[in-house]
Amino acid sequence: MAQSSQATDGMDSVPALLQRNATRFGDKPAYREKEYGIWQCWTWAEAEKEIEALALGLINLGVNEGDFIAIIGRNRPHFYWSMVAAQSVGAIPVPLYQDAAADEMAYVMDHCGARFAIVQDQEQVDKLIEVQEGLHQLEHMIYVDPRGLRKYDHHKLHRYIDIQEQGRAAYYEWIEDLKARREKLTYDSVCVMLYTSGTTGKPKGVVLSNRNIIEASKSSSEFDKLTRDEEVLAYLPMAWVGDFIFSIGQAYWCGFCVNCPESPETMQTDLREIGPTYYFAPPRVFETQLTNVMIRMEDAGKLKKWLFDHFMTHARRVGPAILDGKPVGGMDRLKYALGNLCIYGPLKDTLGLGRVRVGYTAGEAIGPEIFDFYRSLGINLKQLYGQTEASVFITLQPDGEVRSDTVGVPAPGVEIRISDTGEVFYRGPGTFEYYYKNEESTKKTKDSEGWVATGDAGFFEDGSGHLRIIDRAKDVGKMADGQMFAPKYVENKLKFYPNILEAVVFGHQREQCSAFINIDLTAVGNWAERNNIGYASYQELAGNPRVLDMIQSHVEEVNRGLADDPMLSHCQVHRFLVLHKELDADDGEMTRTRKVRRGVISEKFEDLLGALYDGSSEIYTTTEVTYEDGRKGAISATLQIRDAAVVPVETAKVAAE
Amino acid sequence: MNDMTPDGYTTEDGRKIGAVVMEMRNITLRFGGVVAIQDISFDIREGEIRAIIGPNGAGKSSMLNVVSGFYHPQEGEVWYKGAKRPTMKPYEVAQQGIARTFQNIALFEGMTVLDNVMTGRIRQMSAGLLSQAIWKGKAEREEVENREVVEKIIDFLEIQHIRKTPVGRLPYGLKKRVELARALAAEPSILLLDEPMAGMNVEEKEDMSRFILDVNDEFGTTIALIEHDMGVVMDLSDRVVVMDYGKKIGDGSPDEVRQNQAVIDAYLGVAHD
């Protein structure tokens, strides 16, 4: 590691990178945020001053080296500054999911023992006050948005700007301390602690050092030739490692500008206005965008729809090849150029993806059809495979070698090994230090040689050397007759239909597969409107017989597709039901990053699962739900269970193997 | 009401309420033979949230229309900021710093949210027709200044995402919020809200209540509101006037009003002997 340490030129902490950026390109934009309808801008030099003032204020407030500072808010420059200010004073920033319910937050706050919290607004302050009884370490809260907080007791509560103001006032008292603390930071000191959402069990605090973050940012930036001129839109949860790497790690390493949307609702407009050149989104975002495009095309005039369909068919055929620089005939190129002029270009612009040079999707497998849709438009969308524990990058797809079914080659500096059981292991400079206060889990995950178990099953493809992930190792099961059961694969096929938002497939240790399905309210609602189907609620729409018919046709289509796949033809969905509620993180059915928690779901809906296998045609059920403010309620419904037609599998084929 | 003095009082949640800004003295309003309001007096103090409640047809909206200058009472006086108010046109009342929203939303449906809210700034703009037309100097400067105020209100009411959306395309709850934004854009000293939660679902009501409280807290705006939803009224307001058949039957803090026998009878009905 000594070698890479030299290579960074003394740039061995994020605050050091900030100093470099402020001196070297101080007048270039570092942060933009849309506020009051205008993009407000801070240059690197200005950002450095803001961060310094806050850091001085934090010292003034009594922050010690090694303290934990919880940061709870949506993507705003203030919170990015808070992270770097915390690092500058030798404290450890711990970003948390701002939509977490109070008791979820209490666990994490208690686990890290944060003495300070920098939060967004009244909502977050209220949540922390609610759980404060159990949080003995929490001393001070700093908030950004003062609305509604005027009447609160301000002994332990401070306005963000006041802390900065106090910092400026106490400049001469503390500046030497600040400098000393900053200089003490090394490649080995802790950069950030991030909690993994965890599809099972309690969240774990992943400790990442400056080495992890900077090495990962550096090598990935070089991999994709990122420059100072990139524009990114920061809209993904700040508590997620991806956002930390893109909006802090790579942004500070390269010196590019991070743009923050005005509010979560304006994300799409802001995306268009900024036109990022480097873009990152989980599959869900691409799915939603595609669904919206498809809905709007359904409503478009005949000519427009014909044009769209015609050119999209052409794009699907030749688009990805053109993007990968493969030989394509002259006429096809000409037609693609024409399509670009009247369809692809305007569409990309509407989506805000017109300038994207490098786009990534990760977090979950993306449906091949969705992936190809974006690639065929000429958007360089690639996949990467990563984890919090790896500082994101395990594998990346190089330009020109992009496919929807692989996740690419090992990231620079990362070694990968496949164990005998098929599980993927990796090690590299980004590999996390340890789980905070959880030595047992650390030992279980990371062995003495630094190899980390991913929990995913996969293999290297012959020829290309790309890694293919089959499924979560623990999700891959065996059906009663001993054949492989890969739920995620089937779910992704189902989720490609815009009408299906979420699917959970069961089949481990069972004779046949069955599924829970969530409809997509936007897509199905639009369809209902066009077909004059009235509905008052999600539940009513989900139970409509015509909606069930439609979903049934989708399931049967998926079954036909699966029948052609010799490895998975037995995973066809025999029976399914449409759930009466959306799976939700507030109810613990999904993680905050929207991955389904199979265990929780099969326990919670045990009765429904039973009904899928006992042959009944309907079942009455009552489910507890948690509202956004933490209150609980119950909804009940009678759900129809449908049998889907399956294509008979030729048993001879299996027998022959 | 604890410790009411001429200079004001302190509410249960610790807010300081100031002196009387508006006083209705013995108001009587008739439409031909129908007596809509009969000899009603009450006051509104600076910084307070004052509610007017009552069953259907009690004369609540008429009362609000008297305050905002739409109706002119046959008898009685309106005192505003220590002086008797002469008979005024509604726009003159607006110029005095009284803004309102309507029970049936009265927005320009074809215009965007932003343009609608900008109309609330009309009092602050004085550039002439010519200047507006050539869009130089004063007109441009004024637009920028006023847009800034409007953007702060848009931010405050969290309607950034619909800034450029025509009002006609918005759902009901959001239209109500846009109307509130337009009223706030006038930077009123008294804000009159005519049934701000009518026709809303629980979630929208909660949002609206929060905004009303925030407006009062953040800008110190005095608010007089009419509302049907008793739960909302009792939670929001500092003092409540209760009307029934054009008469005032109660006046005081929500708790006092709740225990007032006349009020209970009016709302729950009374057994006839």
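Nothing here was measured: the structure is a model prediction, and the numbers come from that model. Numbered from 1 within each chain, the chains take letters A, B, ... in sequence-line order.
- Heavy-atom distances place no part of B/E203 under 4.5 Å from chain A, backbone and side chain included.
- In this structure, the side chain of B/K176 does not engage the main chain of B/M208 through any donor-acceptor pair within 3.5 Å.
- Residue A/S263 touches chain B through its side chain alone, counting heavy-atom pairs closer than 4.5 Å.
- When the candidates B/L213, B/D155, B/L114, B/I162 are compared by the number of heavy-atom contacts under 4.5 Å with chain A, B/D155 comes out ahead.
- Taking the six-membered ring for Trp and thresholds of 30 and 60 degrees, A/H154 and A/Y143 have ring planes more than 60 degrees apart, a perpendicular arrangement.
- A salt bridge does not link A/R74 to A/D99: none of the charged nitrogens lies less than 4.0 Å from a carboxylate oxygen.
- Electrostatic pairing of B/D217 and B/R15 does not count as a salt bridge here, judged by no charged N lying under 4.0 Å from a carboxylate O.
- Contacts of A/E35 with chain B are made by side-chain atoms alone, with heavy-atom separations under 4.5 Å and no backbone atom involved.
- Counting heavy-atom pairs closer than 4.5 Å to chain B, the top-ranked of the candidates A/E265, A/R150, A/M267 is A/R150.
- Aromatic ring pairs are classed by plane angle as parallel below 30°, tilted from 30° to 60° and perpendicular above 60°; the pair A/Y31 and A/W81 is perpendicular.
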